[in-house]
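Chain letters run A, B, ... following the sequence lines, proteins first, then strands; residues in each count from 1. Atom set for the values below is all heavy atoms of this structure, side chains included, hydrogens, waters and symmetry mates excluded. Just so we're clear, the structure is a prediction, and the values are computed from it rather than from any experiment.
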Amino acid sequence: MHNNYQIFTERPDLSIIAELIEKNSKVIDLGCGDGSLLDYLTKAKGVTGSGIELYQDMIIECVKKGVSVVHDNLNNGLSEIKDKTFDYAILSQTLQSVDKADDLLKEMARVGKKVLVSFINFGFYKARLQLMFCGKMPVTKSLPYQWYNTPNIHLGTINDFRTLCDSIGLKIIKQISANKKLKTVSEYWPNLFAITCVFMIEEK
Amino acid sequence: MGSVGIVKYFDYTFGTDESEALRLDCGKKLSPVTIRYETYGTLNNSKTNAILIIHALSGNAHAAGYHSDTDTKPGWWDEMIGPDKPFDTNKYFIVCSNCIGGCSGSTGPRSINPKTGKKYNLDFPAITIPDMVRAQHRLMEYLSIPKWLNVVGGSMGGMQALQWAIDYPDKVESISAIATCARLSSQSIAFDWVGRDAIMKDPVWVKTQGNYENELPEHGLAIARMLAHITYLSDESMNTKFGRKLREKDNYSYDFSKNFEVESYLEYQGQRFVERFDANCYLYITRAMDYFDLAAKTKGNLTECLAKVKSRFLVVSFSSDWLFSPQNSKDIVKALRTNNKDVVYCNIDSQYGHDAFLLEVETLGTLISDFLSSVHERVQKNA
């Protein structure tokens, strides 16, 4: 039913994340934007949620929806939050713009029993083709910035992410690729055909 | 958006009988105690729509509307209170009371001491922020309000709002703490000291040893206000408003008379203040702020002192506020998060310094209005 929500048609990764979250759980959404996901989860799944967001206009939108949100920069860390306060810690398409992605992932796995992360796969074939044949940094629908003005300072591939999780002691429980048009191939060769990917991870 | 129109104030007096006196943190008792308050809107049948608004240092119970047809100035937060305004009087019942120790109707240093028949002046007992809250609680009982939907305040009002959450956790559904702190900083204590020093070195104050009657220590109070007023502004807002603009003349006068616009502005602020505020009240209230430390009973541990609060929180700071800096608010938010409490925090981008809490009406109003709606909705659903 949630596919009717506009946020889910624009962001298939959010649709996957929403499906993975169990009813009545406690959730923190890092970089929660206008609070749409938390709003949906609260109404549809009885979730108790809160968010962290950097931008004032987004905070105002969250409060409008009744979503509890704290104005903060994720680079300041989560040190004040106790271990396993949440059932899920969510980070959707934000990993690529934080200062230290590895530290944040570890912190998320500390405060959340499970971590749900989605990011844009830089190993996607269209990105590879642009670099291969044009010799230029890829500019795609999901990566619309130029190399000199992109806020995405830590772009990586699905394989890169798997290696990172392994090296910092995080276990991947689930990996779900998103590419509606190439659904089957993106499941077989995610690193090449998944536009975005959702991982469920936890501490080893 | 409308106005609450013509309003009137009420005085509630308790503790005429000593057994009913207000017990103060300093160990003394205050009796009798009068609390001046105003209300706007209507209390609903289930008594679930009452909001307590708490004023800052120099505020009073007159938060909205006018006292008469000829009144030129509305209450101090009129832009926020009224039909369809953030504190929507169509939905909520608003109470605003003057704090004890003040000089705007509630019992304070300039009230008559029943034991002597003269003004208290320095015989008035020292009061604290928790004392002010305790007095408000007596008013709450008198008004038969079982639980506030929201207790809200900026600056010193915010301190009291936070104190409410700790001292009466079951009586506050939500708290809005705006441009405030959990404990007054060393810098603010220092400014208060200088302000009080100006008052206590005023010739009238010295001559009467603080027990002045009709002749007032106006000069000292004006200096204290000018100093404090600078701390309410920001470097940027002063530069925007005054820059180095000269008043009247095109050139310097090469003496010590007022040359710059900012000088005459400050003098004006000082003069206006002595017309409506009292010097001894200023001493008592700034001292109450100095003593304020939410975590005093938990040996400075803010997390521990907030462990038992049950309210939902809205914490707001302003980016250019250096008197009650955003860090002060962040400390409160951190402690609440460690306790896994429900908190909304926004650091509003503003150039107005501490005064922003009275000036950033649009952004603050939106946040308050939406926060209140969601709290109200939840309460109605659970009723």
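No more than 12 heavy atoms of other residues, nucleotides or ligands shown are found within 6.0 angstrom of NZ on A:K141. Heavy atoms of other residues, nucleotides or ligands lying less than 6.0 angstrom from NZ of B:K297 number 12 at most. Counted within 6.0 Å of NZ on A:K84, heavy atoms from surrounding residues, nucleotides or ligands total more than 12; the atom is thus considered enclosed. In B:N382, the CG atom is crowded: over 12 heavy atoms of neighbouring residues, nucleotides or ligands sit closer than 6.0 Å. For B:Y352, the OH atom is loosely surrounded, since the number of other residues' heavy atoms within 6.0 Å does not exceed 12. When the shell of 6.0 Å around CH2 of B:W322 is examined, it contains more than 12 heavy atoms from other residues, nucleotides or ligands. More than 12 heavy-atom neighbours from other residues, nucleotides or ligands sit within 6.0 angstrom of CD on B:Q380. For A:E202, the CD atom is densely surrounded, since the number of other residues' heavy atoms within 6.0 Å is greater than 12.
When only modelled atom types and interatomic distance are considered, B:R337 and A:T85 share no side-chain donor-acceptor pair under 3.5 Å.
Between the CZ atom of B:F371 and the SG atom of A:C62 there is a distance of 14.0 Å, given to the nearest 0.5 Å. Note: B:N340 CG to A:I28 CD1 = 9.0 Å, rounded to the nearest 0.5 Å. With rounding to the nearest 0.5 angstrom, the CG atom of A:D72 is 7.5 Å from the NZ atom of B:K334. A distance of 12.0 Å separates CE in A:M58 from SG in B:C346, rounded to the nearest 0.5 Å.
Residue contact with chain B, scored on non-hydrogen atoms closer than 4.5 Å, is absent for A:K65. Interface remark: A:I52 contributes side-chain atoms only to the contact with chain B (heavy atom separation under 4.5 Å). Contacts of B:V343 with chain A are made by both backbone and side-chain atoms, with heavy-atom separations under 4.5 Å. Residue contact with chain A, scored on non-hydrogen atoms closer than 4.5 Å, is absent for B:L314.
The choice from B:T366, B:V315, B:D349 that makes the most heavy-atom pairs within less than 4.5 Å of chain A is B:D349. The choice from B:N339, B:V375, B:I348, B:T303 that makes the most heavy-atom pairs within less than 4.5 Å of chain A is B:I348. When A:S68, A:G66, A:G51, A:S50 are compared by the number of non-hydrogen pairs under 4.5 Å with chain B, A:S68 comes out ahead. When each of A:V63, A:V67, A:L78 is scored by its heavy-atom pairs under 4.5 Å with chain B, the top score falls to A:V63.
Closest approach of A:Q56 to B:N347, counting heavy atoms only: OE1-O, 3.8 Å. Taking both residues in full, the closest heavy atoms of A:I60 and B:T363 are given as CD1-CG2, 3.7 Å, listed atom of the first, atom of the second, then distance.
Residues B:S317 and A:H71 are not in side-chain contact: their nearest non-hydrogen atoms beyond the backbone lie 4.5 Å or more apart.
Looking at B:T338, its side chain does come within 3.5 Å of a backbone N or O of A:E80 through a donor-acceptor pair.
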